[in-house]
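Atoms within each ligand, like the ligands themselves, are counted from 1 in listed order. What you see is a predicted model; the values in this text were computed from it and never measured.
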Amino acid sequence: MTELAQMLDDFQPSPIGEIFTLANQLKAQGQNILDLSIGEPDFLTPDHVKQAAISAIDENHTKYTIVEGSLKLRQAISNKFKRDNGLDFEPQQIIVDAGAKPLLMHAMQAMLNQDDEVIIPTPCWTSYAGMVKLCNAICRYVPCPEDKGFKLQAGDLEAAITANTRLILLNSPCNPTGAAYTHAEMKAITDVLVRYPDIWILADDIYEHITYDGFEFCTPAQVEPRLYDRTLTVNGVSKAYSMTGWRIGFAAGPQKLINGIIKILSQSSGNPCSISQAAAIAALEGPQQLLAERAEIFCQRRDFLATRLNTIAGLSCHKPEGAFYLYPSCAGLIGKTTPDGSKIKDSKDFVKYLLTSHGVAVVPGSAFEYDPYFRLSYATSMETLEQAAQRIETACKALFA
Ligand SMILES: Cc1ncc(COP(=O)(O)O)c(C=O)c1O
């Protein structure tokens, strides 16, 4: 009999997909579902970006480009790193891929050997673990509790490092918590990493432009220039410019690493879509004012939803610095019984109850390796958030009846 690769026996698809599928089934049955499980901005791709893509088609930029992305795009990315992060990268130190997601995967393939350990602060984005497993490497989770703002502490990092540690993943602002590191907090982390020269640093900065209350974003290579030669700074246009469907991610780092990733791309995916590359140039070189305008709208939603959730018995919600997610604790609901008699044993049970009984889709903390919490995305209208908060309140109240 033909068999699948053994690796898949121990490989789980993204748990967010499970919620997505169930929510869609309920929608198809005619139920009114408020979806707060989505990880993409609800804004439209800006018009000037769409026009650039239309022009690229009209001008027949429809053929292969070089694998690492057109020089024009890499020059625009080089300018972006200088403008936003004060970092100097030559275009040849830059690589473009079909999203930050495949870029992270390809970067790990270029960095990791079998059984290497990867430090992942948790709560963490769902896809990191799968990528590490696809490289036959080992996840070394470091819990970052809520009372530390869900941020990695220098002492905990140091304690997690072993002779086999090859890579650390840093994601600020973070999916799912929204936690973002101040310069001083990042410096405490980079001060430890400076002392371990064999460790690569992967900075996932995809939510860079979504921060609030005057927060100043920073990234490891900028905070500690001595890490420049072993840091890959990953970013993209998906979240900042509402371009999730265009599939453009990019990264900059030391030449040796970039050359390694190019080798992998050249034998696997090839270049990212030529039309999307033209669109990304327009996004990066066009007006940047929309970033602050959109962040302001997200900020109003964060303030509303965090405040509202904190009035609900059984929930408590940390107010984060960035991204468009909240990560409330549902510890106060564990052990309660739903009106139809089932016990809420963990965040998964609560999320299922919320979706099937009250029509609100969110993601359980188990998807992010940190429980009992759940993730809500506020990348949706204020009206939807108000209705969702009302339904969540009703659902929680019913557990105390
Ligand atoms: C933390 C994090 N990194 C990377 C990505 C991937 O972004 P892209 O759309 O560029 O593949 C996401 C998307 O949800 C994310 O949340």
Side-chain angles (χ1 to χ4, degrees), residues 13-17 19-20 35-43 45 49 69 73 77 80 94-108 118 120-132 134 139 144 150-152 167-181 201-211 217 219-220 232-252 261 265 269 272-273 276-277 279-280 283-284 298 320-327 362-363 365 367-370 375-380:
S14 166
I16 299 182
I19 295 292
F20 189 71
D35 197 346
L36 305 192
S37 72
I38 298 173
E40 62 182 352
D42 52 320
F43 305 118
T45 300
V49 173
L73 175 53
I77 294 166
K80 173 258 172 290
I94 290 169
I95 182 143
V96 186
D97 204 341
K101 193 173 197 170
L103 188 38
L104 287 161
M105 176 71 225
H106 291 134
M108 285 190 214
V118 180
I120 308 180
T122 62
C124 64
W125 184 41
T126 42
S127 294
Y128 294 147
M131 292 176 187
V132 171
L134 285 173
C139 296
C144 304
F150 293 118
K151 294 178 202 178
L152 180 63
L167 169 66
I168 177 169
L169 285 169
L170 289 171
N171 173 215
S172 170
C174 169
N175 176 2
T177 63
Y181 290 74
I201 296 112
L202 204 39
D204 181 349
D205 294 351
I206 195 84
Y207 295 97
E208 166 179 14
H209 291 294
I210 308 172
T211 61
F217 172 83
T219 190
L232 188 73
T233 305
V234 178
N235 212 317
V237 293
S238 287
K239 315 285 178 175
Y241 303 96
S242 299
M243 292 176 65
T244 45
W246 298 78
R247 310 311 300 132
I248 293 288
F250 52 82
I261 302 172
L265 292 189
S269 55
C273 168
S276 298
Q277 290 190 52
L284 294 168
F298 280 134
E321 295 88 355
F324 40 71
Y325 307 107
L326 290 177
Y327 202 59
V362 299
V363 187
F368 309 102
E369 307 293 339
Y370 203 91
R375 189 193 77 177
L376 305 102
S377 161
Y378 48 88
T380 184

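Under the 4.5 Å side-chain criterion, counting only non-hydrogen atoms from C-beta, Glu208 is not in contact with Lys239. Between Leu326 and Leu36, every side-chain heavy-atom pair lies at or beyond the 4.5 Å cut-off. Contact check for Ser269 versus His106: side-chain heavy atoms found under the 4.5 Å cut-off. Looking only at side-chain heavy atoms (C-beta outward), Thr380 and Ile38 stay at 4.5 Å or farther from each other.
Near ligand 1, heavy-atom contacts under 4.0 Å come from Gly99, Ala100, Lys101, Trp125, Tyr128, Asn171, Asn175, Asp204, Ile206, Tyr207, Ser238, Lys239, Arg247.
Residues Tyr325 and Tyr207 place their aromatic rings such that the two centres sit under 6.0 Å apart.
Side-chain polar atoms of Glu40 and Thr244 form a donor-acceptor pair below 3.5 angstrom.
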